[in-house]
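Encoded as structure tokens, the structure appears first; notes follow it.
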There are 2 protein chains.
Amino acid sequence: MSNPLIQKLEQRFFLSDLDRRALEQASTCVQQVPARQDLIAEGDESDGAYLVLEGFACRYTVLPDGSRSIVAYFVPGDICDLHGSVLTEVDHAIGTLSPCKIALIPGEIIRDLTSNYPIIDHALRWVDLVDAAILRKWLINMGRRSADKQIAHILCELLVRLQAVYLATDNSYDFPIRQIDLADAVGLSNVHVSRVFKTLRNDDLIGFEGRGLRIPNVERLKAFAEFNPSYLHLEPKQPGNYNRKRSGAGRRGRGIQGGHRDP
Amino acid sequence: MSNPLIQKLEQRFFLSDLDRRALEQASTCVQQVPARQDLIAEGDESDGAYLVLEGFACRYTVLPDGSRSIVAYFVPGDICDLHGSVLTEVDHAIGTLSPCKIALIPGEIIRDLTSNYPIIDHALRWVDLVDAAILRKWLINMGRRSADKQIAHILCELLVRLQAVYLATDNSYDFPIRQIDLADAVGLSNVHVSRVFKTLRNDDLIGFEGRGLRIPNVERLKAFAEFNPSYLHLEPKQPGNYNRKRSGAGRRGRGIQGGHRDP
DNA sequence: CGGCATTTTGACAATCGTCAATCAGTGTGG
DNA sequence: CCACACTGATTGACGATTGTCAAAATGCCG
């Protein structure tokens with residue numbers, strides 16, 4: 001079984017054999033975790049990270065009124081909580097959504113990787129930036145999009161993210177997420193998620209087969225969701241000696257911010 | 001006039017004179033920018049960063065239907081777009097909300113700061129983590145909180161962030177944000193923001209005096225908003241040689257994720 | 001004073017949540 | 001093999017929150 005983190009990073013970076021070996025060795029401490037179990041509870045101190053090898057997990061908070069808010073999904077290849085070395089106090093819980101295989105990476109190993117493997121260091125920073133970009137996209141979807149487009153968008157996002165680790169075909173993937181797990185991620189009720197699913201099925205935008213999600217026409221779903229995968233930054237491969245483009249620094253855009261809401 | 005970035009970092013880190021001088025020199029290229037002007041337009045390539053010295057700015061996107069989504073506020077001391085060295089393509093615009101004084105920091109200078117000033121490097125990573133924490137908090141507020149609590153929360157957040165750069169008193173600050181700028185940040189309509197403001201005023205939770213916001217009883221507003229400032233990570237000062245706590249790596253929380261929505 | 005941007009208000013409609021009942025699938029034990 | 005329990009999905013009825021539209025009011029600045 002190949003390591004999904006390596007697969008994901010190799011979508012974008014050229015790793016050396018040394019890099020690959022280091023990453024392999026970093027993820028040797030593996031645990032099988034059942035569905036709906038916490039890896040980190042809110043308030044825990046953590047030094048180290050969890051790498052998802054199989055299954056779906058999430059970062060979430062439970063509010064005082066008992067409702068749950070999921071702020072990130074983790075799929076194979078994703079790393080939860082890379083940041084033990086800067087902020088030690090964790091303000092969110094991390095839990096599994098389906099049965100998972102999780103690799104435990106101690107903080108010491110992470111610091112070794114980022115100190116001694118410059119390409120890995122660079123790639124892990126890229127991972128952080130992509131995570132932040134996903135967060136911003138979720139915020140946009142939640143704030144300014146209808147429920148159906150929002151859900152369609154997240155289904156497209158999962159398609160692309162899973163394709164990067166070879167867990168999705170061109171138009172389908174295993175979907176072990178309950179409707180309430182989706183509801184807590186998009187800020188809707190489980191009932192409304194069910195209703196949205198129904199309309200998406202009726203419009204033949206999605207279809208369920210057992211626990212698998214099938215997308216009859218990916219382009220049509222992407223168009224409906226206004227999904228543009230560029231924010232995931234998964235396409236172009238960069239040479240290992242991470243070259244930086246340097247444009248004239250100090251350039252200022254001159255566009256005017258205005259005309260919002262006008263046709 | 002003292003540099004607000006230095007003020008903010010000194011809330012949490014001990015900077016040396018060298019660090020301070022380096023940061024001062026990094027922010028010498030200053031521009032006065034009028035309200036509602038873009039610093040970076042969507043799609044621009046950027047290498048370098050903008051440091052807000054005075055005024056309010058934001059990161060935003062305009063959706064195909066013309067609506068605007070604001071995903072971050074920038075107040076004095078905040079840095080927009082630190083990441084020219086990793087992701088060159090920018091997928092959001094950055095624009096001013098009020099007249100601003102902005103320092104332009106070329107990417108070259110940033111790389112010099114992070115390479116040669118370890119405390120600054122550490123502090124800037126901390127800035128990134130706080131930004132991500134704010135993003136998650138906004139997502140939670142938007143997804144699972146009523147409009148009035150959400151708005152109260154963001155007002156509390158701004159209070160604390162502005163206090164860190166000495167731009168807020170114990171219970172008031174200058175508030176140059178239009179209601180529609182708030183609406184686009186919290187995912188509501190400007191009309192509804194107006195209604196929420198009215199109820200908050202009626203309950204004596206907030207008050208406006210000219211363009212200043214006054215909070216008669218900060219603890220009451222914080223309680224109402226369920227605001228806990230810990231996610232901003234502004235309180236404790238850490239020694240310059242950023243010590244890391246090391247707890248037993250490999251510890252696993254044993255909590256069970258369940259009972260959501262049950263009283 | 002006049003013009004402009006912003007806020008406020010009211011009326012109405014659409015979206016979405018809540019509650020409760022039902023249905024479907026899955027696994028367990030007798 | 002079937003009854004049973006359990007979890008999750010679905011449906012309907014109803015209500016609350018919030019959006020939209022349009023008009024009026026307010027405040028600011030020349």
Side-chain angles (χ1 to χ4, degrees), chain A residues 34-36 56 63 65-69 97-99 141-152 175-202 206-213 256-263, chain B residues 34-37 56 63 65-69 97-99 141-152 174-202 206-213 256-263:
Chain A
R36 250 155 291 164
F56 281 47
L63 299 190
D65 69 351
S67 63
R68 180 180 63 157
S69 186
L97 294 171
S98 70
N141 282 331
M142 191 174 277
R144 285 281 177 244
R145 284 198 141 110
S146 57
D148 48 0
K149 293 196 175 193
Q150 193 188 350
I151 287 180
F175 192 79
I177 299 178
R178 295 173 305 170
Q179 290 187 1
I180 197 167
D181 297 327
L182 190 54
D184 287 342
V186 295
L188 298 167
S189 68
N190 55 342
V191 175
H192 204 66
V193 168
S194 176
R195 290 194 273 245
V196 168
F197 269 6
K198 183 180 180 182
T199 69
L200 293 179
R201 274 193 312 252
N202 284 347
I206 63 172
F208 286 97
E209 293 164 358
R211 56 168 51 81
L213 173 70
I256 296 289
Q257 194 191 2
H260 310 317
R261 297 172 191 287
D262 310 45
Chain B
R36 249 156 291 165
Q37 174 153 353
F56 281 47
L63 299 188
D65 69 352
S67 65
R68 180 180 63 157
S69 185
L97 294 171
S98 70
N141 283 331
M142 191 174 277
R144 286 281 176 244
R145 282 191 139 115
S146 57
D148 48 1
K149 294 198 173 193
Q150 195 189 349
I151 287 179
D174 199 58
F175 191 80
I177 298 178
R178 296 174 303 171
Q179 290 187 2
I180 196 164
D181 297 327
L182 190 54
D184 288 341
V186 295
L188 298 167
S189 68
N190 55 340
V191 174
H192 203 66
V193 169
S194 176
R195 289 194 275 244
V196 168
F197 269 7
K198 184 181 180 182
T199 71
L200 293 179
R201 274 193 313 251
N202 284 346
I206 63 173
F208 287 97
E209 293 164 357
R211 56 167 54 82
L213 173 70
I256 295 289
Q257 195 190 359
H260 309 315
R261 299 173 192 287
D262 309 46

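Within every chain, numbering begins at 1; the chains are lettered A, B, ... in the order of the sequence lines, protein sequences first and strands thereafter.
A distance-only check finds a donor-acceptor pair linking the side chain of B:Arg144 to the backbone of A:Leu188 [under 3.5 Å].
What you find for B:Ser194 and B:Gln179 is that their closest heavy atoms are CB-OE1, 3.3 Å. The shortest non-hydrogen separation linking B:Phe56 to B:Ser98 is N-OG, 2.9 Å. Nearest heavy-atom pair across A:Ala183 and A:Asn190 is CB-N, 3.6 Å.
Distance, A:Glu209 CD to C:dA24 P: 20 Å, rounded to whole Å. To the nearest angstrom, C1' of C:dT8 lies 15 Å from CG of B:Leu200. Look at CD on B:Gln150: it is 13 Å from C1' on D:dT17, rounded to the nearest Å. In this structure, A:Leu188 atom CG and D:dT17 atom C1' are separated by 14 Å, rounded to whole Å. In this structure, the NE2 atom of A:His192 is 19 Å from the P atom of D:dG15, given to the nearest Å. Distance, B:Asp148 CG to D:dT17 C1': 11 Å, rounded to whole Å. If you take NZ of A:Lys149 and P of C:dT15, they are 13 Å apart, rounded to a whole angstrom. Between the CD1 atom of B:Ile151 and the P atom of D:dT17 there is a distance of 15 Å, rounded to whole Å.
At a threshold of 4.5 Å between non-hydrogen side-chain atoms, the residues B:Asp181 and B:Arg68 count as touching. Taking 4.5 Å as the limit, some side-chain heavy atom of A:Arg201 sits within range of a side-chain heavy atom of A:Lys198. Taking 4.5 Å as the limit, some side-chain heavy atom of B:Leu182 sits within range of a side-chain heavy atom of B:Ile151. No side-chain heavy atom of B:Arg36 sits less than 4.5 Å from a side-chain heavy atom of B:Leu97.
At a threshold of 4.0 angstrom between heavy atoms, the contacts of B:Gly210 with the nucleic acid are absent.
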Could you run down the sub-3.5 Å N/O contacts of the protein with nucleotides 7-12 of chain D?
residue, atom, partner, partner atom, Å
D:dG8, OP1, A:Arg36, NH1, 2.6
D:dG8, OP1, A:Arg36, NH2, 3.2
D:dG8, OP1, A:Arg178, NH1, 2.8
D:dG8, OP2, A:Arg178, NH1, 3.4
D:dA9, OP1, A:Gln179, N, 3.3
D:dA9, OP2, A:Gln179, N, 3.3
D:dT10, OP1, A:Arg201, NH1, 3.0
D:dT10, OP1, A:Arg201, NH2, 3.2
D:dT10, OP2, A:Gln179, NE2, 2.4
D:dT10, OP2, A:Ser194, OG, 3.2
D:dT11, OP2, A:Lys198, NZ, 3.4

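End-to-end axis angle for the helix from C:dC1-D:dG30 to C:dG30-D:dC1, using five pairs per end and rounding to 10°, comes out at 30°.
To the nearest 0.5 angstrom, A:Asn141 atom CG is 8.0 Å from B:Leu63 atom CG.
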